[in-house]
Protein chains: 2
Amino acid sequence: MDNLLDVIKSRRSIRSYQDKDVPDDMLNLVLEAVQWSPSWANTQCWEVVVVKEAAVKQKLQETMGKGNPATKAIVTAPIVLTLCGKLKGSGYYNGQVTTKFGDWFLFDLGIATQSLCLMAHSLGLGTVIVGLFDQDKAKDVLQVPEGYEVAVMIPLGYAAKEGSPPKRREIGEFSHKDKF
Amino acid sequence: MDNLLDVIKSRRSIRSYQDKDVPDDMLNLVLEAVQWSPSWANTQCWEVVVVKEAAVKQKLQETMGKGNPATKAIVTAPIVLTLCGKLKGSGYYNGQVTTKFGDWFLFDLGIATQSLCLMAHSLGLGTVIVGLFDQDKAKDVLQVPEGYEVAVMIPLGYAAKEGSPPKRREIGEFSHKDKF
């Protein structure tokens, strides 16, 4: 890799995967990227269920509504990484919520997700972040214990088809000087 | 940069900054990293207030409790990037919440935050993610309109002192096969 910005700008959401396994050492590098992500007071609330079994992927697919453009990817990608968060850690201090936003697990999982997706892309692997599904049903499928939530499912594999980048807001549209 | 994993692993939370300006072209690259982050259905809910004025940084510092280890960084770093999110976009479809987690702006801002911090680090700049402050007071300081929230403040500048990495959970501790 030459340049981080190139990696960030050339990452795409991949919804079509080759029937080709991901080597274990690559999977490990992707998980290492999660491991070294920053988090609220280093709480590291992430848990990752690495799904390879076809029957489990099938059940995860059933938690998605029809029309989700990533529905097929959940069963065709060789791996689905499901990111779970431990509750009442991130955003808390001594068991008490510290900000108006309550639990910060979604923020920390967002950080970890970007580490994961960029790392995968730098290894030549595709991902797509899937947040639109029935998280409670997915909890049952993955036997996630109380005190944790499933947030996103991320198919991981070799892209069969690259996408084109969606339009972006200009920097001048979303940045402000000293006040909003 | 040789390797993305090196960038991810060598990033530290920087709480001590040199009295040295950040060139505009570097700031722009950092904002470009935000621009190219993925988001829920490409909603790109982020807004970034780039704070350079000392008086504004001073007022932002007053929104933090005593004892926050980043309190000094807010006024000594040449720039404080405050990340705001537009509500009722991310996680919504046709104005309706789509998952049990309601608004996903914190997740998307987490993604953008990691892009920002990694990009800064790859340019030789330090950052620290500050979430523990009175977000409503910061909204007033920055004149953030209704419908938006301030989530985090991120000092940006040249590190005066590097930190050591906090301990990480092992991959085997947070990863699971096919079920939690």
Side-chain angles (χ1 to χ4, degrees), chain A residues 1 3-5 7-9 13 28-29 31-33 35-38 40 42 44 46-53 56 84 91 98-101 104 106-111 113-115 117-119 122 129 131-132 135-136 142-145 151 166 168-169 171 174-180, chain B residues 1 3-5 7-9 13 28-29 31-33 35-38 40 42 44 46-53 56 84 98-101 104 106-111 113-115 117-119 122 129 131-132 135-136 142-145 148 151 166 168-169 171 174-180:
Chain A
M1 179 179 59
N3 184 293
L4 175 61
L5 193 59
V7 177
I8 291 173
K9 292 179 74 167
S13 293
N28 205 64
L29 290 169
L31 293 173
E32 213 174 329
Q35 181 185 29
W36 285 91
S37 295
W40 182 284
N42 199 35
Q44 306 171 68
W46 47 74
E47 302 282 336
V48 184
V49 185
V50 179
V51 178
K52 293 183 182 179
E53 266 186 37
V56 181
C84 308
T98 56
T99 75
K100 68 182 290 192
F101 303 125
W104 278 66
L106 274 186
F107 185 84
D108 285 354
L109 291 183
I111 291 174
T113 292
Q114 181 67 336
S115 297
C117 293
L118 292 179
M119 190 66 217
S122 82
I129 307 164
L132 185 56
Q135 273 85 357
D136 282 333
L142 301 171
Q143 302 177 37
V144 174
R168 302 290 167 153
R169 297 165 70 206
I171 290 173
F174 67 76
S175 67
H176 314 264
K177 286 181 186 166
D178 290 304
K179 63 180 185 186
F180 195 109
Chain B
M1 179 178 59
N3 183 293
L4 175 61
L5 193 60
V7 177
I8 291 173
K9 291 180 76 167
S13 293
N28 205 64
L29 290 169
L31 293 173
E32 212 173 328
Q35 182 183 31
W36 285 92
S37 296
W40 182 286
N42 199 36
Q44 307 171 67
W46 48 73
E47 301 284 333
V48 184
V49 185
V50 180
V51 178
K52 294 183 180 178
E53 266 186 37
V56 181
C84 309
T98 55
T99 76
K100 68 182 290 193
F101 302 126
W104 278 66
L106 275 186
F107 185 86
D108 285 354
L109 291 183
I111 292 175
T113 292
Q114 181 67 336
S115 298
C117 293
L118 292 178
M119 191 65 218
S122 82
I129 308 164
L132 185 56
Q135 272 85 357
D136 282 334
L142 301 171
Q143 302 176 37
V144 174
Y148 294 84
R168 302 291 167 153
R169 297 165 71 206
I171 290 173
F174 68 76
S175 67
H176 313 264
K177 285 181 187 167
D178 289 305
K179 63 179 185 186
F180 195 108

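All chains are named by letter (A, B, ...) in the order of the sequence lines, taking the proteins before the strands, and each is independently numbered beginning at 1.
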Could you state the interatomic distance from OG (B:Ser13) to CG (A:Asn42), rounded to the nearest 0.5 Å?
-> 8.5 Å
Who among B:Leu29, B:Leu31, B:Val48 has the most heavy-atom pairs with chain A under 4.5 Å?
-> B:Val48
Shortest non-hydrogen separation from A:Asp178 to B:Val51 and the atoms involved | OD1-CA, 3.4 Å
Among A:Lys177, A:Gln143, A:Lys100, who wins on heavy-atom pairs under 4.5 Å with chain B?
-> A:Lys100
Proximal component of B:Thr113, with respect to chain A [non-hydrogen, under 4.5 Å] = side chain
Output the option from A:Ala151, A:Cys84, A:Pro145 having the highest count of non-hydrogen pairs under 4.5 Å with chain B.
-> A:Pro145
Checking heavy atoms, do the side chain of B:Val56, its backbone, both or neither come under 4.5 Å from chain A?
-> side chain
In this structure, CD of B:Glu53 is separated from NZ of A:Lys179 (nearest 0.5 Å) by 9.0 Å
The reported gap from SG in A:Cys117 to CD in B:Gln114 (rounded to nearest 0.5 angstrom) is 11.5 Å
Would you please name every residue forming a ring-ring contact (aromatic ring centres under 6.0 Å, His included) with B:Phe180, sequence neighbours left out?
-> A:Tyr148, B:His176
Non-neighbouring partners of A:Lys52 that pass salt bridge (Lys or Arg N to Asp or Glu O under 4.0 Å), sequence neighbours left out = A:Asp24
Candidate pair A:Glu32 and B:Arg168, rule salt bridge (charged side-chain N to carboxylate O under 4.0 Å, His left out), full reasoning | CA-CA 10 Å; A:Glu32 213 174 329; B:Arg168 302 291 167 153; over 6 Å; no
Where is the tightest heavy-atom contact between A:Gln135 and B:Trp104, given as atom of each residue plus distance?
-> NE2-CZ2, 3.7 Å
Greatest number of non-hydrogen atom pairs under 4.5 angstrom with chain B, of A:Ile111, A:Leu118, A:Leu109, A:Leu142, falls to A:Ile111
Residues B:Ile129 and A:Pro38: closest non-hydrogen pair is CD1-CG, 3.9 Å
How far apart are the closest heavy atoms of A:Leu106 and B:Phe101, and which atoms are they?
-> CD1-CB, 3.9 Å
Honestly, the part of B:Trp46 sitting under 4.5 Å from a heavy atom of chain A is both
Please flag which part of B:Asp108 lies under 4.5 Å from any non-hydrogen atom of chain A: side chain, backbone, both or neither.
-> neither
